[in-house]
Structures are given as structure tokens and as C-alpha cells.
Amino acid sequence: MPELPEVETIRRTLAEQVIGKNIVKVEVTCDRIIQRISPAEFAAKLAGQTIRKMERFGKYLFFVLDEFTLISHLRMEGKYYVLPALAPAGKYEHVKFSFSDGSSLRYEDMRKFGTMELVLPGTERTTKGLCAMGLEPFDEGFTVAYLKEKIQKSHSPIKSLLLDQKNVVGLGNIYVNEVLFQSRIHPETTGSALKETDYAHLIEYCRSVLKDAIEFGGTTIRSYYSGLGVSGNFQDRLLVHRKKGEPCPRCKTAIEKIAVGGRGTYFCPKCQKKEA
DNA sequence: AAGGGTGTTGAAAG
DNA sequence: GCTTTCAACACCCT
């Protein structure tokens, strides 16, 4: 469940459930999720650590501990649950953190794309993968000038440029579709073809769409209704994503679906005209 | 009923 | 360099 609003919702939920808890044991049953070090070393380093803070950057979740920060990326299907330590493991559970109070944090990931990495506190943003990242949409530096500098020379479609975390972090396929609809920009418009007003709209709607989605607890699509995970309600407010054939909420023209950069892309052919 | 698509991203190829 | 394609994995839908 991993675009910025979902990760932020998970961060807030986990903050209430696991801050202050002391890790007594970590069990890893899918090695590839743990980056750089062995699962055994990962488990050994975490034993005895207490979770002090929950933070987020883009789609990355940070568990700030005493001597390490655990950086977790959920990719496509990663999910966290808090359960009694004695509760049975789910079919797709790959990591279990047992706490001293008898509760536990479980990581489930059907597709095993997610990653976990331990770094020293304060070095989170300097690690590989996070060092070249763009700004958060809510950063005051995320301005027309900033975005222009990043993408105005590019011949890639704006859809791909907004998905590229080196330009701006946090947007994924759902919210890029929504932001481009609100901004009235055709997803295949190249960076080089964007007009001044397009940039202003992009800045405005990146912020408002994500802010609204966070308010609604993110978007839940294709999720288990276990009641233990985190689910949001923004799926009821999506305007174009997964709405192929449905009337545009603005002009009633049928929403179209095309592929851009290999990703499903939804837009209104009337409201979002291609600009040369 | 096999094949394409899926809330992602990094590595490889062009 | 910059841009596009594909693989990692498991399931769903057609």
C-alpha cells in the first residue's frame, strides 16, 4: 500500500502502536527483504533496541531506534500488523518483531518486493537510494522554479517524470493520475512542452491531492479486510484512476486508459488535451 | 486457461 | 548521459 498518503497513514498508526516498545526477538523468513547484511545479523542488531520514533520520507518508513534506524519500503504489497506475539503467522508473513510486552509487529508481503535496511541514525538520507531523491511536495522548496529546473529539458512524458522519485518523492501511479487530471495536463505531454501555468497547477495539485488523501487515510485497493492492517477511504474520492469508460466528473466524456512508461494511465481526453 | 495487469523501483539495455 | 524496458513475485481478471 505504498504511496505517500498510505505510508503517512501507516506511520501515524504505527506511532500509536509501537513507540516505546522493546524488541526482544526478530525472526526473518524471507532473506531477500533484508538488504546488505544477513538476516541473522539484522536480527542480532535489533535485539534489545527500543522504538523511539516513527518517521517518513517519500514512500520510505523509518523506525528510529536507540542505535539504528530501520528503513522500510513497502513497494507494492508490504503491510504491517500489530498482533499478540503468540498469534499465528499469516501466509505471507516474512518478518516478525517480538516485543517485551507480549505483543509483536508482523511484516507481510505477498510479492516479497519490500525492503528493510539498518543504518546509523542521522545517516538515513545519505544511504544509497535515498541520497538522490527529490523534495517532498510539502517542502517549501517545492516550487515552480524547482520543478522547472528538474524537468523542463526532459523529453519524457510528465506522467513518468512525476513518478520519478528523483524529481519529487511520494507520488505513485494513483496520485499521478489524479494530479494530472486536476492540473488538466495530458499524461504524455513532455517536460519540455509544459507551460508556465502547467507548472503552477502541478505544484498546487500535487499538494492538495496528497493532503486530501492523507486526510482520508489513503487509498485502499485490493486489500484484505482483516481489520488489522491499515485501510483508508480515498478510493471513494478518486476521479480518474481505474475509471476507464466512466464519465469524467468535470465534462462527462468517457475516461480513457492508455499505457505510459508501461504503467496504466487514466485521463479525460477532453479535459486533458495533448500540448504538442 | 494462458497471458496481461497490478498502490514500485533499480539494473540493464538501447 | 538520458530514456525505456524488464525482472523481482504472487495473485486476479479476462
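Being a predicted model, the structure only gives us computed values, none of them experimental. Just so we're on the same page: letters track the sequence lines, and every chain starts at 1.
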> Which value, in whole Å, describes the distance between the P atoms of nucleotides B:dA12 and C:dC9?
Replying inline: 16 Å
>> Side-chain N or O of A:Lys257 versus OP1/OP2 of B:dG5: is the shortest distance under 4.0 Å?
In response: no
> Would you say C:dA10 has OP1 or OP2 under 4.0 Å from some side-chain N or O of A:Lys112?
Replying inline: yes
> Of all heavy-atom pairs between A:Leu161 and A:Ser156, which one has the smallest distance, and what is that distance?
Replying inline: CD1-O, 3.5 Å
>> Expressed as a whole number of angstroms, how long is the span from A:His73:NE2 to B:dT8:P?
In response: 8 Å
> So do the side chains of A:Phe267 and A:Asn177 get within less than 4.5 Å of each other, counting heavy atoms only?
Replying inline: no
> Between A:Glu6 and A:Tyr175, do the side chains contain an N or O donor and an N or O acceptor separated by less than 3.5 Å?
Replying inline: yes
> Using 30° and 60° as the class limits, which term best fits the ring planes of A:Phe63 and A:Tyr80: parallel, tilted or perpendicular?
Replying inline: perpendicular
> Under 4.0 Å: is that the gap between some side-chain N or O of A:Thr220 and OP1 or OP2 of B:dG7?
Replying inline: no
> Between which residue ranges does DNA chain C form stems of three or more consecutive Watson-Crick or G-U wobble pairs, both distances under 3.5 Å?
Replying inline: B:2-6 with C:10-14, B:8-14 with C:2-8
>> Quick check on C:dT3: is either OP1 or OP2 less than 4.0 Å from any side-chain nitrogen or oxygen of A:Ser154?
In response: yes
> Does a side-chain heavy-atom distance below 4.5 Å link A:Tyr81 with A:Leu105?
Replying inline: no
> Taking the same atom, P, in C:dC11 and in B:dG10, what whole-Å distance lies between them?
Replying inline: 25 Å
>> Evaluate A:Tyr107 against A:Ile33 for side-chain contact (heavy atoms from CB on, under 4.5 Å), listing each step before the verdict.
In response: CA-CA 10 Å; A:Tyr107 178 72; A:Ile33 289 171; 3.9 Å; yes
>> Quiz question: going by heavy-atom distance under 3.5 Å, is there a donor-acceptor pair between the base of B:dT6 and the side chain of A:Arg111?
In response: yes
> Distance check: side-chain N/O of A:His155 vs OP1/OP2 of C:dT3, anything under 4.0 Å?
Replying inline: no
>> My understanding is that a hydrophobic cluster links ILVMFWY residues whose side chain heavy atoms are under 4.5 Å apart, including indirect links. Using that, what else belongs to the cluster containing A:Ile255?
In response: A:Phe181, A:Leu239, A:Val240, A:Tyr266
> How many Å lie between NE2 on A:His241 and C1' on B:dT8, as a whole number?
Replying inline: 13 Å
>> Please classify the nucleic acid contact of A:Lys91 as base, sugar-phosphate, or nothing, using heavy-atom distances under 4.0 Å.
In response: sugar-phosphate
> If you measure from the C1' atom in B:dG4 to the same atom in C:dT5, how many Å do you get, rounded?
Replying inline: 16 Å
> Given B:dT8, B:dT6, C:dT3, which nucleotide is nearest the side-chain atoms of A:Phe113?
Replying inline: B:dT8
>> Taking only the P atom of each, what is the distance from B:dA1 to C:dA10 in whole angstrom?
In response: 23 Å
> Can you check whether A:Arg263 has a side-chain N or O nearer than 4.0 Å to OP1 or OP2 of B:dT8?
Replying inline: yes
